[in-house]
Amino acid sequence: MKYFIKTMGCQMNVHDSEKIAGVFSESGYDGSEDSKNADVIVLNTCSIREKAEQKFFSELGRLKKVKKHKPHLKIAVAGCIAQQKGKEIFIKYPYVDFIFGPNNIDNLQSWIEASGVERRVSDVKDGQQDMSLRSTPDARRSTAVNDNPEYHTKILPMKRIGRVKAWVSIMYGCNNFCTYCVVPYTRGRERSRPPEDIYNEIQALADQGFTEVTLLGQNVNSYGKTLKGNIDFPDLLKKIHTIEKIRRIRFVTSHPRDFSDNLINTMKELPKVCRHLHLPVQSGSDRVLEAMNRGYTYDEYKNKIDLLKESIPGIAITTDIIAGFPGETEEDFDRTMTALSDVEYDGIFAFKYSRRPGTKALDLPDHINEEIKSGRLSQILKLQESVTFRKNKTLEGESPEILVESKSGTDPDKMTGRTGTNKIVNFCGDNDDIGKIIQVKILKARMHSLDGEKI
Ligand code: 5AD
Ligand code: SF4
């Protein structure tokens with residue numbers, strides 16, 4: 001039996017798909033590269049912006065026909081849309097068999113067992129398929145979108161992508177309630193995983209040969225607040241830093257309000273913590289930041305950036321920006337443009353504001369029309385392109401270390417790796433380089449990558 005997972009959305013979802021694949025694998029399933037060969041298709045959905053949601057619904061619509069021609073196919077919907085709209089989907093789309101939210105991946109195994117698929121496997125092995133053993137279609141249909149307060153203490157099997165770097169969840173959910181954001185409604189309240197579970201997971205990864213870990217959470221800086229013991233994020237970094245074979249540690253995402261001097265000092269002290277920070281600013285205007293409920297002013301944000309750059313010279317900084325938040329005036333927008341020139345980010349992710357169900361920003365006055373949002377987004381991207389390229393250019397002639405990850409996706413004759421500052425470097429090498437930290441000379445800067453050569 002084969003499963004196929006289509007993942008939409010952020011790193012959280014990519015990592016959740018590794019857990020979903022792990023559960024299928026433990027239940028005796030093989031992964032399929034092609035949905036056509038699959039007996040179960042999982043759509044792991046994202047609802048952060050409307051576009052992602054539309055993409056999911058058109059994919060789901062397409063699967064109706066597929067299932068008509070292949071009645072034994074099972075369809076499962078996971079992720080953030082499953083959590084927010086699962087019950088509605090269950091009623092409207094009778095060909096969906098299972099709906100499970102991001103905090104209910106531990107329920108997947110029992111659905112697989114209850115769905116009768118396992119029994120069919122053994123029956124087929126006997127040379128004949130005994131239809132009487134199959135459960136009724138309705139018995140197989142179910143939803144798992146409950147709060148599941150102990151989810152963060154569960155240890156799930158994982159089938160990881162790659163063998164060099166690994167994602168590790170350190171916390172789930174979010175308590176920030178930024179007024180534009182759907183995440184607190186889909187991933188629930190913030191809960192930190194016990195530090196010993198995280199440590200053991202990373203130790204096991206090191207034993208399997210992984211050399212880089214990225215710690216994942218919606219707001220890693222508030223790690224530990226929901227735990228009984230006295231541990232915070234810098235403490236966790238120090239603990240992980242002791243794992244010998246792990247050579248690089250990254251983390252996403254940090255919230256500027258909770259980004260502390262203590263964390264800056266800890267990053268500075270710990271050489272394995274990569275010289276890169278993703279610190280979403282969202283806007284350069286205090287008025288907009290307040291309407292977003294971000295909990296900081298632009299000056300407070302900028303002071304932290306200045307301290308960070310001073311303490312850790314050469315650190316790369318990236319950010320997220322929202323263009324056209326409700327009520328954003330030309331003046332507010334100009335402040336965002338000024339912030340981009342001011343901070344000189346190494347890279348940004350910029351998005352047009354998108355209305356999300358259940359969020360407070362929906363009810364704010366003065367929503368911006370699409371045309372203005374698009375215009376502002378293009379100006380942001382254009383300005384940033386020149387900054388990114390200029391910054392990449394300064395690296396020509398330098399000789400950084402990179403961790404080699406895989407063959408290059410763009411040029412099959414080349415290998416690809418990343419600097420500690422998270423810049424992609426393509427170079428001539430071979431498969432033996434994968435997993436090694438090597439030194440390269442940067443020959444040429446491009447917009448999204450660097451060309452290098454081994455030295
Ligand atoms: N509209 C546009 N962008 C959004 N983001 C989150 N919610 C929205 C929304 N409703 C962006 C933020 C966040 C990133 C992950 O996605 O910039 O940091
Ligand atoms: Fe990830 Fe956010 Fe999308 Fe959920 S809504 S999958 S947390 S990007």
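These numbers come from a predicted model, not from an experiment. In listed order, ligands and their atoms are each counted from 1.
Counting heavy atoms under 4.0 Å from ligand 1, residue Tyr180 touches it through both backbone and side chain. Residue contacts with ligand 1 for Val182 are absent, since no atom lies close enough (heavy atoms, distance under 4.0 Å).
The option from Met12, Arg355, Arg49 that lies nearest to atom 4 (C) of ligand 1, judged by heavy atoms, is Arg49. Nearest-heavy-atom check against atom 14 (C) of ligand 1 across Asp320, Val183, Val252 picks out Asp320. The closest non-hydrogen atom to atom 17 (O) of ligand 1, taken over Arg356, Gln282, Lys373, Gln11, comes from Gln282.
Shortest non-hydrogen contact noted between Val42 and Ala78 is CG1-CB, 4.1 Å. In terms of heavy-atom proximity, Asn103 sits nearest to Asp106 at O-OD1, 3.9 Å.
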*Steps toward salt bridge (Lys or Arg N to Asp or Glu O under 4.0 Å) verdict (Glu331, Arg287)*: CA-CA 10 Å; Glu331 196 191 330; Arg287 229 176 48 80; over 6 Å; no
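At least one heavy atom of Lys352 sits closer than 4.0 Å to an atom of ligand 1.
Checked by distance only, ligand 1 and Tyr353 stay at 3.5 Å or farther apart across all their nitrogen or oxygen atoms.
Sparse packing is recorded around CZ of Arg335, with 12 or fewer heavy atoms of other residues, nucleotides or ligands lying under 6.0 Å away. Counting non-hydrogen atoms of other residues, nucleotides and ligands closer than 6.0 Å to CG of Asn369 gives a total above 12.
For the salt bridge (charged side-chain N to carboxylate O under 4.0 Å, His left out) with Asp147, the lone residue among Arg191, Arg187, Arg189 that qualifies is Arg191.
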